[in-house]
Amino acid sequence: MAGWLVCAVIVASAPQDRAVDAAQVAKDRRVVETLLRLKGIKLNSNPKWKAAVQRHLRRIEGRPKYFELVERFELRDESPQLLQLASAAKTPSATVSAVRLLLKFEQQGAIRQALQQHPAQAPGLISSLGLAGGVVVLELLQPLVTDDKQSLAVRSAAARAVGRNLRGQRFLLGLVRSKKLARDLHFTVADVLFASPAAEVRDEVARYLKLPAAKGKPLPPVSELVQRRGDKRRGAEIFQMRGTCAKCHKVRGTGKEVGPDLSEIGSKLSSQALYVSILDPSAGISHNYESYIVVTAEGTVLTGVKVSESGTRITIKTAEAVERTFAKENLEEVIKQPTSLMPEDLQKNLSAEDLVDLVEYLKTLKKVPAGVPSAKP
Ligand code: HEC
């Protein structure tokens, strides 16, 4: 059997056209199927088998079969791809499979390195680690929650991930009790702990933290809000009027554009992420919408998102959607802010019901397939 395999691989010629490519694909698949049937195969002892398996893996990256093969043949050198999948795979089950294998291969060092070197992907990777769970994950992530060198997005994702575990919840509660929790994590941690299945955790956190109030009444945790259904028409009205959202967001051509266009936000963010974007805007500031304070030589102070920047000039758009361009030589300072330009207390004038309606509406804002006329909101 193994002899046949070796032949099959050696016979493979350099692919010159599609037909040869297809033959190679089929051959690789046969090699893989056969290897799977053999026991105790050490891929590293046979470079040709290994090459066939690797070519095959590249074609099925991220699919269930991919993870099965990586695990079966203990392919530690797939770790870079696994890290990539753990941060940005299309489905939660794929991200969890990727993280599970990384942990099985004891790649904590590589995970730590990836978290440091790719800050933009770090929150995604951290959420996947949280979904995979386990003590090793707590060890990796707990230090991030209190590491003030990390961005709020990273610390907040770490707190949520840690909070998926009861031991992690007690760790968070300990930080709250000993006043070691940073102010900007209060929302995240309250949101996690008020939703704890353990009554004593919920009772104790209530002594220290509050969930944001909507029309004077504390909101339920996000995990509870996402279970509710709302009225999307009312939600659309709230978006335009009382919610003031349209002062900063465009939807299908109407509204001002201080923050991102939300015409397709229902395809981009989950319900949970929509609630968090509204209740705790600074926890996940979208790329390109970081806010800046500029101080001019005459002492004028202006806050806004950066629209553009060249070697000599910088353009800032304020919360009122006013664009101002400055020559850099006339500026005293340009300071990047850790907080979002989106106000933190937008829910203040809304009730829980209003908020649920608003999110119901945002969920309907989906990518419209080309050629289909857009539905009226
Ligand atoms: C003063 C301006 C302002 C107002 C008012 C405002 N936003 Fe925002 N919003 C922003 C900015 C700027 C961002 C981008 C930075 C960030 O992600 O926090 C943003 C981000 C968002 C995002 C995340 C978008 C993404 O692509 O990830 C959502 C969702 C959102 N806002 C919804 C709302 C809703 C709903 C309201 C009304 C209740 C609202 N916003 C009111 C300025 C505003």
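Counting convention: from 1, in listed order, for ligands and their atoms alike.
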Lys210: partners by salt bridge (charged side-chain N to carboxylate O under 4.0 Å, His left out), with sequence neighbours left out:
none
Side chain, backbone, both or neither: which part of Leu350 comes within less than 4.0 Å of ligand 1 when only heavy atoms are counted?
neither
Test item, Gly284 contacting ligand 1 (heavy atom, 4.0 angstrom):
yes
Only one of Arg76, Lys65, Lys104 forms a salt bridge (charged side-chain N to carboxylate O under 4.0 Å, His left out) with Glu71, so which one is it?
Lys104
Under 2.8 Å from atom 8 (Fe) of ligand 1, which protein N/O/S atoms are there?
His249 NE2, Met342 SD
Show the atoms of ligand 1 that are less than 4.0 angstrom away from any heavy atom in Tyr289.
14 (C), 15 (C)
Return a yes/no value for Lys268: is any of its N or O atoms, backbone included, closer than 3.5 angstrom to an N or O of ligand 1?
yes
Partners of Asp345 by salt bridge (charged side-chain N to carboxylate O under 4.0 Å, His left out), sequence neighbours excluded?
Lys348
With sequence neighbours excluded, tell me which residues meet side-chain contact (heavy atoms from CB on, under 4.5 Å) with Val359.
Leu274, Tyr275, Ile278, Lys363
Which atoms of ligand 1 are found less than 4.0 Å from any heavy atom of Gly243?
37 (C), 38 (C)
Of the backbone atoms (N, CA, C, O) and the side-chain heavy atoms from C-beta on, which set of Pro343 has a member under 4.0 Å from an atom of ligand 1: side chain, backbone, both, or neither?
side chain
Identify the residue among Thr146, Asp148, Thr188, Asp184 that makes a side-chain hydrogen bond (donor to acceptor under 3.5 Å, both in side chains) with Arg155.
Asp184
Derivation and outcome, side-chain contact (heavy atoms from CB on, under 4.5 Å), residues Val32 and Arg29:
CA-CA 5 Å; Val32 171; Arg29 186 179 304 126; 5.6 Å; no
Check ion pair Arg229-Glu360 (N to O, under 4.0 angstrom)
yes
I need the atoms of ligand 1 closer than 4.0 Å to a non-hydrogen atom of Thr244, numbered in the order shown.
5 (C)
Verify same cluster id: Leu152, Leu341 (apolar side-chain graph, 4.5 Å)
no
Could you see which bit of Ile265 sits under 4.0 Å from ligand 1, with heavy atoms only: side chain, backbone, both or neither?
side chain
Is the backbone N or O of Asp357 less than 3.5 Å from a side-chain atom of Arg234, with the two atoms forming a donor-acceptor pair by type?
no
Measure the shortest side-chain to side-chain distance between Leu185 and Ser156 over non-hydrogen atoms and say whether it is less than 4.5 angstrom.
yes
